[in-house]
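Notes to accompany the following structure.
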Amino acid sequence: MKGKKKPAGKGGTSGQWADHLTQKAKSMGYPARSVFKLEDIQNKFQIIKKGDIVLDLGCSPGSWTLYAAKLVGDQGRVFGIDLKAVETNLPANALTIQDDILSPEHPAFIEPHTGKFNAVISDMAPATTGRKDVDAIRSLELCRMALDTALKNLAFQGNFVCKIFQGNDFKTFEQEVKAAFKECRVFKPESCRKQSKEIYIIAKAKIK
Ligand SMILES: C[S@@+](CC[C@H](N)C(=O)[O-])C[C@H]1O[C@@H](n2cnc3c(N)ncnc32)[C@H](O)[C@@H]1O
C-alpha cells in the first residue's frame, strides 16, 4: 500500500493526523484508518501470507478483513466476527458474521476450519467508558477470549495478533501469550494515536 506519509505536526495534532488517515483509508476503499495498523504489523512481522485461512475478531467495519482478504488472495479465506454487522462490500474469499465472541458457543462457521487457521487477528475493543482502569479490564477480557479462540483454532505454527489496552494485568497476559508461541513481541504501529493506551501483541508460530 502506498502513500501513507506522515503529515508535519503528527504528535502535536493527533486529531488532524487521525482525520488524514481516515480520509486516506476511504480514498483507498477501506472503511476505517485501522487498516494502516494492520499494514504496519504486516510490513514488520509478515503474519499473513498468500493462501492463508485467517480469523478476524472484532472485524467491523471491515478494514482488516478487506486488507487480509487481499493478502491471502483467491486461494485463501478470511472469516470475521463482530458484534456489529459489516456493511463494507467484501470479496468472495471473505465472510463475516454478527456475533459476540464472549458468548460461550463458538460460531458454527468456524468449526470446519478448527485447527486449520494460519492467523487469528484481534482488533477487538470494548466500548470505552472514559475510565482507563475499567476499559483496560474490559479489553483484557476480550484479549483472553481472543487468545483462547486462537489456541483452539490455529494450526501448528499459526500466528496471533491481539490489540490490548495497557493496564495492570498487561504483563501477565503477555506471559500467557509467550508461553504458547515461539516468538512474541509488543508493537505500537506508527498509525496509532500517540496518546492511546492501545498496543498490539504479535505472536508467531504457535507451539502448543
Ligand atoms: C476498532 S474496531 C475494529 C476495526 C476493524 N479491525 C477494522 O479494521 O475495520 C473494534 C471492534 O471490536 C468489536 N467488539 C467489541 N467487543 C466484541 C465482542 N464481544 N465480540 C465481537 N466483537 C466485539 C466492536 O464491535 C468493534 O467493531
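As the structure lists them, so they are numbered: ligands from 1, and atoms in each ligand from 1.
The closest donor-acceptor contact from the side chain of Asn93 to the backbone of Gly73 lies under 3.5 Å. The closest donor-acceptor contact from the side chain of Asp100 to the backbone of Leu102 lies under 3.5 Å. In this structure a side-chain-to-backbone donor-acceptor pair under 3.5 Å is missing from Lys206 to Ala180. When atom types are taken as modelled, the side chain of Ser139 and the backbone of Phe165 share a donor-acceptor pair closer than 3.5 angstrom. Side-chain atoms of Asn159 never come within 3.5 Å of backbone atoms of Lys204 as a donor-acceptor pair (strictly under, hydrogens ignored). Judged by distance alone, with hydrogens and angles left aside, the side-chain atoms of Trp64 form no donor-acceptor pair with the main-chain N or O of Asp123 at under 3.5 Å. Between the side chain of Thr88 and the main chain of Pro61, a donor-acceptor pair closer than 3.5 Å is present. The backbone N or O of Asp40 lies less than 3.5 Å from no partner atom in the side chain of Glu190, so there is not a single donor-acceptor pair. Using modelled atom types, no side-chain atom of Thr65 and backbone atom of Gly80 make a donor-acceptor pair closer than 3.5 Å.
Of the polar atoms of Pro61, at least one N or O is found under 3.5 Å from an N or O of ligand 1, judged by distance alone.
In this structure, Lys37 does not count as a contact residue of ligand 1, since none of its heavy atoms falls inside 4.0 Å of the ligand. At least one heavy atom of Leu142 sits less than 4.0 Å from an atom of ligand 1. Residue-ligand proximity: Asp99 is placed with a non-hydrogen atom under 4.0 Å from ligand 1. For Gly62, the heavy-atom gap to ligand 1 drops under 4.0 angstrom.
In this structure, atom 6 (N) of ligand 1 lies nearest to the protein heavy atom Asp123 OD2, 2.8 Å. Closest to atom 26 (C) of ligand 1 among all protein heavy atoms lies Asp82 OD2, 3.5 Å. Among protein heavy atoms, atom 8 (O) of ligand 1 sits closest to Ser34 OG, 2.6 Å. For atom 15 (C) of ligand 1, the closest non-hydrogen atom on the protein side is Ala125 O, 3.1 Å.
Atoms of ligand 1 found under 4.0 Å from any heavy atom of Ile101 (numbered from 1 in listed order, with element): 18 (C), 19 (N), 20 (N), 21 (C). Short contacts between ligand 1 and Ser63, defined as distances under 4.0 Å to a heavy atom of the residue, involve ligand atoms 7 (C), 8 (O), 9 (O). Which parts of ligand 1 touch Asp100 is read off a 4.0 Å heavy-atom cut-off, strictly below it: atoms 18 (C), 19 (N), 20 (N). Residue Gly58 approaches ligand 1 through these ligand atoms, each under 4.0 Å from one of its heavy atoms: 3 (C), 4 (C), 5 (C), 6 (N), 11 (C), 12 (O), 13 (C), 22 (N).
Which of Ala68, Ser122, Ser60, Ala146 comes nearest to atom 2 (S) of ligand 1 through a heavy atom is settled by distance: it is Ser60. Among Leu83, Leu38, Leu102, the residue whose heavy atom lies nearest to atom 22 (N) of ligand 1 is Leu83. Nearest residue to atom 1 (C) of ligand 1 from Met124, Lys84, Lys163, Glu198 is Lys163 (criterion: closest heavy atom).
Residue Cys59 touches ligand 1 through its backbone alone, judged by heavy-atom distances below 4.0 Å.
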Take Glu141 and Arg144 through the salt bridge (charged side-chain N to carboxylate O under 4.0 Å, His left out) test and state the conclusion after the steps. CA-CA 5 Å; Glu141 184 187 17; Arg144 285 203 193 289; over 6 Å; no
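Between the side chains of Asp135 and Thr128, not a single donor N or O lies within less than 3.5 Å of an accepting N or O.
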